[in-house]
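Before any comments, here is the structure.
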Protein chains: 2
Amino acid sequence: MPERAPSRGRPRDIDAGRRILIAARDLLLVDGYAALSIDEVADQAGVAKTTLYRRWPTKDHLIVAVVALMQDDVPILDTGDIRADLTDYLRQVADGLNTMRRAGLPESADDRSAGVVAEIAAAAARHADLGTLIRAVFARRNAMAIGLLASAARRGALRTDLDVAVLFDQLVGPLYYRILVTGEPVDHPYLDLIIDGALRGARPSHAHPA
Amino acid sequence: MPERAPSRGRPRDIDAGRRILIAARDLLLVDGYAALSIDEVADQAGVAKTTLYRRWPTKDHLIVAVVALMQDDVPILDTGDIRADLTDYLRQVADGLNTMRRAGLPESADDRSAGVVAEIAAAAARHADLGTLIRAVFARRNAMAIGLLASAARRGALRTDLDVAVLFDQLVGPLYYRILVTGEPVDHPYLDLIIDGALRGARPSHAHPA
DNA sequence: TTACTTCCGCTACCCAGGTATCGGAAAGGT
DNA sequence: ACCTTTCCGATACCTGGGTAGCGGAAGTAA
């Protein structure tokens with residue numbers, strides 16, 4: 001949402017952008033990505049379509065902005081218990097994914113649609129700027145999670161000879177794989193299994209078994 | 001590609017479907033998903049647009065059919081060396097992903113686009129039938145890979161108390177995560193790191209270190 | 001042959017994302 | 001006040017995915 005103020009000419013209607021985002025969020029959660037129409041968003045925001053396009057050049061840009069706003073940056077705590085901290089983090093990620101997964105879908109709980117998540121990934125693939133944007137949105141949280149692993153390694157809770165970035169991929173990768181590819185559920189028992197598998201090989205060799 | 005023969009009425013032009021798929025594949029690899037237009041496919045296949053839509057009801061269905069055809073089912077060998085066999089399998093997966101990743105993109109090698117892969121995931125999210133279709137395409141190969149892990153566990157090369165399906169997710173999940181989310185490269189060194197991380201925790205406790 | 005069925009190609013059309021243009025409105029500079 | 005700049009809203013339009021309806025072509029069944 002580029003909000004430059006040129007201080008010359010008519011200023012932008014500050015509230016218009018907010019109303020557009022609210023209308024888009026509401027329609028996205030109710031109707032999903034495909035059924036959300038730009039005309040309806042503009043209409044519901046009380047704004048001309050051109051005003052909307054002046055702020056977000058494509059539907060993808062608008063939707064990514066909406067999703068980015070919905071990500072409230074809950075901090076990751078480093079309590080010293082690596083398993084508990086990782087559980088907290090992965091549950092945050094899984095909750096966000098599961099929420100977007102069923103956006104706009106009826107209550108038929110048995111279909112394996114990736115919903116909005118897949119549309120975001122496709123939007124990032126179509127527009128390079130959106131890719132960097134959404135990666136920046138999650139960068140801080142991801143960096144904290146990786147820092148969690150690094151500090152655990154420093155204090156001897158993890159092996160020191162492994163790449164924490166790769167370990168991180170093996171923690172979150174399966175979640176995205178299930179959401180985007182297989183459609184299988186990503187629930188708390190699954191998260192525990194993932195953490196078990198990742199940490200089992202990451203413990204130092206002299207550690208006593210959990 | 002539903003090819004029913006009702007034996008009544010004018011039979012379908014057998015060659016038309018083939019020509020459509022060829023034209024679609026060529027245009028997909030050159031132009032990518034967004035720039036591929038149905039009209040151009042029909043035109044290049046020498047076929048009316050309605051004939052195309054009689055076989056594939058949406059652009060997504062057509063593209064998924066094209067991608068499914070491009071997957072030649074290379075068998076997975078179980079040589080007894082679990083690390084070598086997994087390397088073979090993951091390289092197959094990564095090669096396929098990397099090929100589709102850059103479909104339709106120029107030679108600018110530094111952008112992290114997921115390309116066609118993300119569009120396929122989105123197509124699977126939009127149409128439930130396409131989701132089951134593409135999962136069926138990879139089902140055999142995935143089942144062989146999981147069988148690889150199971151047989152390794154049976155002969156004592158892996159722990160027997162772990163869920164091989166979860167272990168499988170931790171092997172392939174990071175690949176899709178990198179392709180679809182982070183855009184980072186998925187090359188052979190990365191595959192080795194993933195296999196290392198997954199197998200390190202999967203070895204039986206009495207095993208001697210590699 | 002004739003009747004029936006289904007496909008083909010064609011045209012016309014609907015819908016939604018996105019663009020172009022234009023008169024007018026809301027600011028700042030002088 | 002007046003000009004300049006930029007935004008707003010409205011309309012018209014282009015494009016591409018997808019649908020509807022038609023006459024005719026290619027087959028089977030009698």
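Naming: A, B, ... by sequence-line order, numbering from 1 per chain.
Per the geometry, CD belonging to B:E119 stands 14 Å off C1' belonging to D:dG17, to the nearest Å. Computed from coordinates, the A:R10 CZ to C:dA26 C1' distance equals 5 Å when rounded to whole Å. A:Y53 has its OH atom 18 Å from the P atom of C:dT21, to the nearest Å. The separation between A:D31 atom CG and C:dC15 atom C1' is 16 Å, rounded to whole Å. Rounded to whole Å, atom P of C:dG18 lies 7 Å from atom NE2 of A:H127. Per the geometry, NE2 belonging to A:H61 stands 15 Å off P belonging to C:dG17, to the nearest Å. Summarising the geometry, the separation between CZ on A:R126 and P on C:dG17 is reported as 12 Å, rounded to the nearest angstrom. The distance from atom CG of B:L27 to atom C1' of D:dG16 is 14 Å, rounded to the nearest whole Å.
Residue contacts shown for B:L36 are limited to sugar-phosphate atoms, with no base heavy atom under 4.0 Å away. At the heavy-atom level, A:S37 lies under 4.0 Å from the strands shown only through sugar-phosphate atoms.
Out of D:dC8, C:dC10, C:dC7, the shortest distance to the side chain of A:R55 is found at D:dC8. The nucleotide whose nearest atom lies closest to any side-chain atom of A:I38 is, among C:dG17, C:dT11, D:dA10, C:dG17. Nearest nucleotide to the side chain of A:T50, out of C:dG24, C:dT21, C:dT11: C:dT21. Closest to the A:K49 side chain, of the nucleotides C:dG17, D:dG18, D:dA26, is C:dG17. The A:R12 side chain lies nearest to D:dC8 when the options are C:dT19, D:dA25, D:dC8. The side chain of B:D39 has D:dG16 as its nearest neighbour among C:dA16, D:dG16, D:dT6. When the nucleotides D:dG9, C:dG17, C:dC7 are ranked by their closest atom to the side chain of A:K59, C:dG17 comes out on top.
In this structure, A:K59 is positioned above the aromatic face of A:Y33, its NZ or CZ under 6.0 Å from the six-membered ring centre and within 45° of the axis.
Between the side chains of A:Y176 and A:D169, no donor-acceptor pair is found at a separation under 3.5 Å. Side-chain N/O atoms of B:D163 and A:Y190 include no donor and acceptor closer than 3.5 Å.
Between A:R83 and A:D196, at least one side-chain N (NZ, or NE/NH1/NH2) sits under 4.0 Å from a carboxylate O, which counts as a salt bridge.
Between B:T51 and C:dG9 there is a side-chain N or O to OP1 or OP2 distance below 4.0 Å. Listed pair B:R54 / D:dG18 fails the phosphate criterion, with no side-chain N or O lying under 4.0 Å from OP1 or OP2. Neither OP1 nor OP2 of C:dA3 sits under 4.0 Å from any side-chain N or O of B:R8.
Closest approach of A:R159 and B:R200 over heavy atoms only: NH1-CD, 2.9 Å.
Under the 30°/60° scheme for interplanar angles, the aromatic rings of B:F168 and A:Y177 are found to stand perpendicular.
Projected onto DNA chain C by closest heavy-atom contact, B:G9 and B:A48 fall at different nucleotides, the more 5' of which corresponds to B:G9.
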